[in-house]
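Data first, discussion second: the structure below is written as structure tokens.
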Amino acid sequence: MIDYKNDILMCEDVKLIDIANEYKTPFYIYSKNDILKKIKIFKEVFSDIDDLLIAYAVKAENNLSILKLMVKEGIGADVVSIGEVLKYIKAGGNANNVVFSGVGKTEEEIKKAIELEIRRFNIESIPEAVRINNIAKELKKIVKCSLRVNPNVDAHTHEKITTGVHGNKFGISIKTIKDNAELLKGLSNIEIDSLSMHIGSQILDPAPLNKAIIVMKVLIEEVKNMGFDIKSVDIGGGYGVRYDKQSNGFDFDKFKRESISLLKDMKLSITTEPGRYFIAESGALIMRVEYVKEEWGRKYLILNGGMNDYIRAAMYDAYNDILPIIKKDGKEKYEFVGPICESSDVFANNRECSTIEAGDYVALLDSGAYGFSMSSNYNSRTLISQIMIDKDKHQLIRKAQTFEEMISSEII
């Protein structure tokens, strides 16, 4: 949905240069119809599953307008904080479509989530199970829960987004479940009727996910034999996207051939948690070139957007295409860097593209996921605006933060 037309970068039917001339850069844009297209594709992949909850990983991007779009499409929410629960409900979502994951749920979060009557908690440790039970008992409630099992399957992704092997902080081993089976069955205010997993993010090859589903099928039988009535399985998410257009995203055709029949054979309710897949490729970070700096044979394009606006490049060595909004004649290689006082504030090294000059605008593509949602006020920089594009129209969905708003909670 973001591509050149007559050397002008477009998002749907809108010229990005027109948006850049209207709003102060940097800012994020999102293609509404790309999000809808991804949702449609995803639903088709899982269309043979009778009892299915698609729970959007809210951490990927939590703007209320985007969450409202998910709600309208019948998409639930995978959350990791009470704030994400409240934002999903604020956007019109039903708490019964919320799955609460995360290793560090506080007493306050658990109490509020129980009061809101979310669908279930994904339990990450034995102490958490005890805590949820105790709070549920105080509230005189029976709470549905899933044990997040660590299947010990390597997702073959970046080490900082691998979550399903021994040594990760996430999940519970089958040994720990066996050792604590009687304790767990004795917790009378939680009903453990599900197993869940999540092996990592930005998975491109479905093979590890397929392997993990096979492992889960075996583990479900083991847990049933311990006396638990398992009615549901959550296979997590992690479906990868094409950050590098020379490569492919997650192979859904292969996944459908190999995994959907496995899931059907389980005869259980299925939950899956896409996040990045729905939103990443819809988004772009629009920035202005402040200076062109030449040193030691290199040309540095110093942008007005930085790692506080998009941290994935600095945090994960992530690759994103970065393109001028207006393509000019000639080609050069550039270092695309931000203004933050950190050496890691770099978007791309030695990247070739058409000639760019000071005052030009560039777009960091595929930055819709974990872009704004991970942004910060580092270097006392205000949070930037977000704009939704729908065919030939656009709508501001978040105003840029002012300096006064940034400091409003501080006390002097």
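The basis for the numbers below is simple: all heavy atoms, side chains too, and nothing from hydrogens, waters or symmetry mates. Keep in mind that this is a model prediction, so the values were computed, not measured.
Between Lys144 and Glu191 there is a salt bridge, since a side-chain N of the basic residue sits under 4.0 Å from a carboxylate O of the acidic one. Ion pair Asp234/Arg148 not flagged as a salt bridge, since none of the NZ, NE, NH1 or NH2 atoms sits closer than 4.0 Å to an Asp/Glu carboxylate oxygen. A salt bridge links Glu73 with Lys43; the closest basic N to acidic carboxylate O contact falls under 4.0 Å. The residues Lys175 and Asp179 are annotated as salt-bridged, a charged nitrogen and a carboxylate oxygen being separated by less than 4.0 angstrom. Salt bridge Arg288/Glu290: present, at least one basic N to carboxylate O contact under 4.0 Å. For Lys178 and Glu222, the salt-bridge test passes: some basic side-chain N is under 4.0 Å from an acidic carboxylate O. Remark: Asp48 does not engage Lys256 in a salt bridge, criterion side-chain N to carboxylate O under 4.0 Å. Between Arg242 and Glu281, none of the side-chain N atoms (NZ, or NE/NH1/NH2) sits under 4.0 Å from a carboxylate O, so this pair counts as no salt bridge. Look at Glu335 and Lys299 and you find no salt bridge, because none of the NZ, NE, NH1 or NH2 atoms lies under 4.0 Å from a carboxylate O. Ion pairing between a basic and an acidic side chain is recognised when a charged N comes within 4.0 Å of a carboxylate O; Glu357 and Lys328 show such pairing. We find that Glu12 and Lys391 are not joined by a salt bridge, their nearest charged nitrogen and carboxylate oxygen being 4.0 Å or further apart.
Using a 3.5 Å distance cut-off with no hydrogens or angles, the side chains of Ser259 and Asn210 do pair a donor with an acceptor. Side-chain N/O atoms of Ser375 and Asn308 include no donor and acceptor closer than 3.5 Å. Side chains of Asp34 and Ser282: no donor on one and acceptor on the other come within 3.5 Å. Judged by distance alone, the side chains of Asn379 and Glu342 never bring a donor and an acceptor atom under 3.5 Å apart. A side-chain N or O of Arg120 and one of Thr271 form a donor-acceptor pair less than 3.5 Å apart. For the residue pair Tyr319 / Asp321, a side-chain donor-acceptor distance below 3.5 Å is found, with atom types taken as modelled.
Note that the CE atom of Met1 and the CG atom of Asp13 stand 9.5 Å from one another [nearest 0.5 Å]. Rounded to the nearest 0.5 Å, atoms CD1 (Ile270) and CD1 (Ile54) are 12.0 Å apart. The line from OG of Ser354 to NZ of Lys331 is 8.5 Å long, rounded to the nearest 0.5 Å. From Asp329, atom CG reaches atom CG of Asp7 across 8.0 Å, with rounding to the nearest 0.5 Å. Distance CD1/Ile118 to CD1/Ile82: 7.5 Å, rounded to 0.5 Å. Note that the CZ atom of Arg119 and the CG atom of Asn94 stand 9.0 Å from one another [nearest 0.5 Å].
Side-chain atoms of Glu405 come within 3.5 Å of backbone atoms of Thr402 as a donor-acceptor pair (strictly under, hydrogens ignored). With hydrogens and angles disregarded, a donor-acceptor distance shorter than 3.5 Å links the side chain of Gln401 to the backbone of Leu383. With Arg351 contributing its side chain and Leu323 its backbone, the two residues share no donor-acceptor pair below 3.5 Å. Between the side chain of Thr25 and the backbone N or O of Phe27, no donor-acceptor pair lies under 3.5 Å. No donor-acceptor pair closer than 3.5 Å links the side chain of Asn134 to the backbone N or O of Arg131. Listed for the Asn377 side chain is a donor-acceptor partner under 3.5 Å among the backbone atoms of Arg381. At least one donor-acceptor pair under 3.5 Å links the side chain of Lys105 to the backbone N or O of Gly102. Side chain of Ser194 to main chain of Ser232: a donor-acceptor pair is present (N/O by atom type, distance under 3.5 Å, no hydrogens or angles). Of the possible polar contacts, one joining the Glu84 side chain to the Val80 backbone as a donor-acceptor pair under 3.5 Å is found. The backbone N or O of Glu124 lies less than 3.5 Å from a partner atom in the side chain of Glu128, making a donor-acceptor pair.
Other residues, nucleotides and ligands contribute over 12 non-hydrogen atoms within 6.0 Å of the NZ atom of Lys254. Few gaps surround CG on Asp265; more than 12 heavy atoms of other groups in view lie less than 6.0 Å from it. No more than 12 heavy atoms of other residues, nucleotides or ligands shown are found within 6.0 angstrom of CG on Asp50. For Lys59, the NZ atom is densely surrounded, since the number of other residues' heavy atoms within 6.0 Å is greater than 12. Lys217 NZ: more than 12 foreign heavy atoms inside a 6.0 Å radius. Counting non-hydrogen atoms of other residues, nucleotides and ligands closer than 6.0 Å to NZ of Lys87 gives a total above 12. A 6.0 Å sphere centred on CG of Asn21 holds more than 12 heavy atoms belonging to other residues, nucleotides or ligands. Enclosure of atom NZ in Lys224 by more than 12 non-hydrogen atoms of other residues, nucleotides or ligands within 6.0 angstrom is indicated.
Side-chain contact between Val99 and Val79 is absent, with no heavy atoms from C-beta onward closer than 4.5 Å. Side-chain contact between Ile49 and Leu263 is present, with heavy atoms from C-beta onward closer than 4.5 Å. At a threshold of 4.5 Å between non-hydrogen side-chain atoms, the residues Ile17 and Tyr361 count as touching. Between Met197 and Asn150 the shortest side-chain heavy-atom distance does not fall below 4.5 Å. Using a 4.5 Å heavy-atom cutoff, the side chains of Ile311 and Tyr378 are not in contact. Between Ile389 and Ser31 the shortest side-chain heavy-atom distance does not fall below 4.5 Å.
His394 approaches Ile387 most closely through the heavy-atom pair CB-CG2, 3.9 Å. Closest approach of Leu219 to Val149, counting heavy atoms only: CD1-CG1, 3.3 Å. Taking each heavy atom of Asp345 and Met307 in turn, the nearest pair found is OD1-N, 2.7 Å. Between Ala400 and Ser385 the shortest heavy-atom distance is N-CB, 3.6 Å. Across all their heavy atoms, Asn320 and Leu365 have their closest contact at ND2-O, 2.8 Å. Of all heavy-atom pairs spanning Ile172 and Ile123, the tightest one is CD1-O, 3.8 Å.
Arg312 forms no cation-pi arrangement with Phe347, by the criterion of a distance under 6.0 Å to the ring centre and an angle within 45° of the ring axis. Taking the centre and axis of the six-membered ring of Tyr4, the NZ or CZ atom of Lys327 falls inside the cone set by 45° and 6.0 Å.
In summary, the aromatic rings of Phe100 and Phe121 are positioned with their centroids under 6.0 Å apart. Centroid-to-centroid, the aromatic rings of Phe46 and Phe255 come within less than 6.0 Å. Residues Phe372 and Tyr310 keep their aromatic ring centres 6.0 Å or farther apart.
Taking the six-membered ring where the residue is Trp, Phe278 and Tyr56 present parallel rings, their angle staying beneath 30° rather than reaching 60°. Taking the six-membered ring for Trp and thresholds of 30 and 60 degrees, Tyr30 and Tyr28 have nearly parallel ring planes, at less than 30 degrees apart.
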Q) Which is it for Phe42 and Tyr239 under the ring pair (Phe, Tyr, Trp, His ring centres under 6.0 Å) test, yes or no, and what are the steps along the way? A) CA-CA 10 Å; Phe42 198 86; Tyr239 310 99; 5.1 Å; yes
Q: Applying side-chain contact (heavy atoms from CB on, under 4.5 Å), run through Ile220 and Val223 and close with a yes or a no.
A: CA-CA 5 Å; Ile220 286 166; Val223 172; 5.9 Å; no
